[in-house]
Q: 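Mind having a look at this structure? Questions to follow.
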Amino acid sequence: MSAPGATLARPRARFARLGTARLAVSLPKSIMALAFLVGVSLALRSQAIHARFWIDEGLSVGIASHPLLHIPGLLQQDGSPPLYYMLLSVWIDVFGSGEARTHAMSIVFALATVPVAWLGARALFGDRAAWIAALLAAINPFLTYYAEETRMYSLAALLSLCVVSTFVVVFLQGRRRWLPAFSLSLVLLAYTHNWGLFLALGTVAALVPLWRESSDRRALLRDAAIGYGVAALLYLPWVPTLLSQAKHTGAPWAQAPRFQDILNGLSNVLGGAAPAMAFALGAGFGLSTLLAAPRRSPRARAALLIAIMGVTALALAFIASQISPAWTNRYFSVFFGPLLLLGAAGLARGGRLGLVVLAILFVFWFNPRKHVLETKSNAHTTAVVVQDRLERGDMVVAAHPEYGPDMYYYLPKDIGLRWANIMGPVKDPQIFDWRNALDRLKAAKPTPTADRLIGMLQPGQKLLLIQPIIRTARWGAPWTKEVRKRAAQWERVLDRDKRLSRTLAAPKLEGRPLPKGVRAVLYERK
């Protein structure tokens with residue numbers, strides 16, 4: 001006669017074997033489905049892989065072209081953290097510095113958001129939300145745009161997903177083995193973009209409700225101390241540079257945001273006003289039903305914590321930019337993780353409305369050709385027009401100073417050009433020195449600065465003035481406003497100088513739509 005425990009054990013064993021068998025069958029199918037979504041994402045996000053660099057991409061490649069261990073020190077001149085540039089430096093050493101080759105690194109980060117979104121949403125909100133999150137990550141147009149740009153924003157989006165997911169898994173679900181992953185993703189995000197610090201503070205704010213309802217506050221404090229302590233120790237070596245950047249570089253090209261700019265930024269991440277409204281309606285309805293339950297489920301608590309993280313981080317970014325403006329829509333990549341996971345949770349809970357909204361988003365977002373037609377800069381075409389006229393000893397002067405590295409990338413490097421901007425000669429044309437740049441620009445009067453540069457030319461040598469095309473962008477920030485004024489002054493000064501003759505201006509702008517980027521004006525010393 002068998003024991004009672006043995007009788008109960010047999011069904012349990014059968015159920016355990018059945019669960020293992022289902023997992024063994026479903027896992028390969030999930031991997032295949034994820035691989036399909038990654039393939040769709042790759043097709044979508046490689047349409048413009050050969051697009052030419054714009055101003056910021058020239059800065060990226062210029063910084064990353066320096067020796068790897070020199071990059072953290074160089075960034076005292078720039079204002080950014082070092083991780084992306086160091087990764088790009090290694091990437092360039094292996095694959096080269098061409099547009100397609102450097103864009104490919106950003107594409108890799110964007111593609112990685114698909115399985116990471118699936119894993120995070122599955123752990124927090126279940127299978128339905130996981131597949132919605134993976135689909136949204138695969139076709140999101142904001143991520144597509146920055147997947148084809150040699151900048152850090154697709155990496156920031158990927159790491160924000162990791163930070164949010166691992167925080168909830170560790171501190172809400174109590175799975176402590178993920179604590180190192182939380183610490184690592186938190187510090188990597190901070191080393192990728194300074195707004196990552198705002199999301200880090202958002203996670204601290206999310207600890208407050210956990211503390212209030214915790215039955216083991218000592219364990220919560222212990223895990224928080226370990227998680228944030230490790231991240232802080234890893235970030236500590238960068239703090240002196242961060243403080244120096246905050247004091248001397250800042251973002252004089254930015255303006256203090258208005259409340260409308262928050263909505264514009266969120267709309268930009270969601271592909272425009274119409275899909276953003278649909279997203280808000282569907283996700284908001286689903287989240288409201290999730291949070292309205294009498295007894296808050298683990299999934300509802302996870303959604304609440306993510307909302308606290310995102311709202312706190314966004315509020316801190318807004319307040320900080322009122323004090324020292326550093327606001328632009330592309331920085332919202334740091335909020336991609338909270339927004340995507342909340343959206344997936346809400347749409348998964350939204351029933352038929354969620355499916356309708358998902359279909360609307362697919363229609364708006366899945367447009368493989370739209371972004372191919374967008375030209376971010378004409379720097380390459382302008383360089384092609386003028387490069388055959390340049391010879392050894394000629395001087396290139398960037399009236400829009402931070403455009404220097406982009407033009408350096410495209411103009412010939414083997415003929416011995418000399419480089420300057422409207423503040424004077426430039427020793428390293430691959431990087432722009434932002435330290436006290438606005439004060440230096442105001443102090444560099446056009447006539448004496450131009451006279452100094454012209455005096456360095458021999459008869460027959462040329463001066464190539466790289467002018468910004470003003471009417472294709474907003475120029476109201478302190479830096480851009482001063483550049484706009486100085487650029488016009490410089491052209492007048494050079495046109496009137498009796499020692500120079502003007503020989504070329506390209507591109508010709510009369511009767512044509514204005515391109516984004518630069519205009520080259522060539523002068524020859526008599």
Side-chain angles (χ1 to χ4, degrees), residues 54-60 77-81 142 145-146 149 151-153 156 193-199 201 242 244-270 272-273 276 310-336 374 376-377 398-404 406 421-423 432-444 467-489 514 516-518:
W54 75 293
I55 184 170
D56 281 8
E57 293 179 283
L59 290 166
S60 292
Q77 304 176 40
D78 181 78
S80 298
F142 175 86
Y145 186 86
Y146 290 109
E149 185 168 294
R151 294 295 283 168
M152 69 287 294
Y153 305 113
H193 197 282
N194 288 331
W195 274 27
L197 297 173
F198 298 137
L199 187 59
L201 292 173
L242 176 68
S244 176
Q245 290 173 333
K247 183 178 180 180
H248 296 292
T249 60
W253 45 264
Q255 294 175 277
R258 304 160 297 167
F259 180 77
Q260 179 64 35
D261 292 318
I262 295 178
L263 301 180
N264 292 341
L266 294 173
S267 175
N268 188 52
V269 175
L270 297 172
V311 171
T312 301
L314 185 55
L316 289 172
F318 184 81
I319 293 169
S321 290
Q322 300 300 319
I323 301 169
S324 177
W327 183 279
T328 182
N329 286 344
R330 55 187 178 269
Y331 290 4
F332 276 60
S333 58
V334 172
F335 309 136
F336 182 81
E374 297 177 356
K376 299 179 184 180
S377 173
H400 194 176
E402 65 268 40
Y403 237 118
D406 202 22
N421 58 43
I422 54 176
M423 293 178 282
F432 176 64
D433 188 351
W434 279 105
R435 291 174 295 185
N436 306 313
L438 183 58
D439 292 336
R440 291 190 289 116
L441 181 59
K442 289 180 177 180
Q467 289 280 67
I469 297 176
I470 300 294
R471 285 173 287 170
T472 56
R474 293 184 297 175
W475 293 77
W479 172 259
T480 52
K481 187 176 181 180
E482 190 69 20
V483 167
R484 177 177 184 170
K485 180 178 73 173
R486 287 285 191 248
Q489 292 172 342
L514 290 176
K516 297 178 182 178
V518 295

Q: Show every donor-acceptor pair shorter than 3.5 Å between a side-chain atom in residues 323-335 and any protein atom, with sequence neighbours excluded, or say none if there are none.
A:
{"from": "Thr328", "atom 1": "OG1", "to": "Arg330", "atom 2": "NH1", "distance (Å)": "3.3"}
{"from": "Arg330", "atom 1": "NE", "to": "Tyr153", "atom 2": "OH", "distance (Å)": "3.1"}
{"from": "Arg330", "atom 1": "NH2", "to": "Asp56", "atom 2": "OD2", "distance (Å)": "3.4"}
{"from": "Ser333", "atom 1": "OG", "to": "Arg330", "atom 2": "O", "distance (Å)": "3.2"}

Q: Any side-chain heavy atom of Leu197 within less than 4.5 Å of one from Leu242?
A: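 Leu197 reaches Leu242 side chain to side chain.
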Q: Just verifying a value: how many Å separate His248 NE2 and Asp433 CG, rounded to the nearest 0.5 Å?
A: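 Reported value, rounded in 0.5 Å steps: 11.0 Å.
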Q: Glu402 versus Trp434: any side-chain heavy-atom pair under 4.5 Å?
A: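 Yes, their side chains come closer than 4.5 Å.
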Q: Quick one: closest heavy-atom pair of Ala487 and Pro468, and the distance?
A: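 That closest heavy-atom pairing would be CB-CD, 3.8 Å.
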Q: My understanding is that only residues two or more places apart in sequence, or in another chain, count here; which of them pass side-chain contact (heavy atoms from CB on, under 4.5 Å) with Leu441?
A: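 Expected list: Ile422, Met423, Trp479, Glu482, Val483, Arg486.
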Q: Considering non-hydrogen atoms only, spot the tightest contact between Ala399 and Gln467 and give its length.
A: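 That would be CB-OE1, 2.8 Å.
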Q: State, without any angle test, whether Glu149 and Trp54 hold a side-chain donor-acceptor pair at a distance under 3.5 Å.
A: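 A pair is found: one side chain offers a donor N or O, the other an acceptor, under 3.5 Å apart.
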Q: Check each of Ile55, Val518, Ile470 against His400 using the side-chain contact (heavy atoms from CB on, under 4.5 Å) test, and report the only one that passes.
A: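 When Ile55, Val518, Ile470 are each tested with His400, the side-chain contact (heavy atoms from CB on, under 4.5 Å) holds only for Ile55.
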Q: May I have the step-by-step check of side chain to side chain contact (heavy atoms under 4.5 Å, CB included) for Ser80 and Asn194, ending in yes or no?
A: CA-CA 7 Å; Ser80 298; Asn194 288 331; 5.8 Å; no
Q: Please test Phe142 against Leu270 for side chain to side chain contact (heavy atoms under 4.5 Å, CB included), starting from the C-alpha separation and ending with a verdict.
A: CA-CA 7 Å; Phe142 175 86; Leu270 297 172; over 6 Å; no
Q: I need the Arg440 CZ to Arg435 CZ distance, nearest 0.5 Å.
A: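 Going from CZ on Arg440 over to CZ on Arg435, the span is 7.5 Å.
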Q: Do Trp195 and Ser321 come close enough that some side-chain heavy atom pair is under 4.5 Å?
A: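 Trp195 reaches Ser321 side chain to side chain.
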Q: Do the side-chain N and O atoms of Arg151 and Ser60 include a donor-acceptor pair separated by under 3.5 angstrom?
A: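 Looking only at side-chain atoms, Ser60 and Arg151 do form a donor-acceptor pair, the distance falling under 3.5 Å.
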Q: Between Asp261 and Arg258, does at least one N-O distance fall below 4.0 Å, as a salt bridge requires?
A: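 Looking at Asp261 and Arg258, the cut-off is met.
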Q: State which residues pass side-chain contact (heavy atoms from CB on, under 4.5 Å) with Ala398; sequence neighbours excluded, sorted by chain then number.
A: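 Ala398 satisfies side-chain contact (heavy atoms from CB on, under 4.5 Å) with Asn421 once adjacent residues are dropped.
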Q: Thr480 and Trp475: which non-hydrogen atoms are nearest, and at how many Å?
A: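 Distance-wise, the nearest heavy atoms are O-CE3, 3.1 Å.
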Q: Which value, rounded to the nearest 0.5 Å, describes the distance between Gln77 atom CD and Thr249 atom OG1?
A: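 It comes to 10.5 Å.
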Q: Please answer whether the main-chain N or O of Ala256 pairs with a side-chain N or O of Gln322 as donor and acceptor at a distance below 3.5 Å.
A: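 No.
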Q: Looking only at heavy atoms, which two atoms of Ser377 and Asp406 are closest? And how far apart?
A: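 What the structure gives for the nearest pair is OG-OD2, 4.2 Å.
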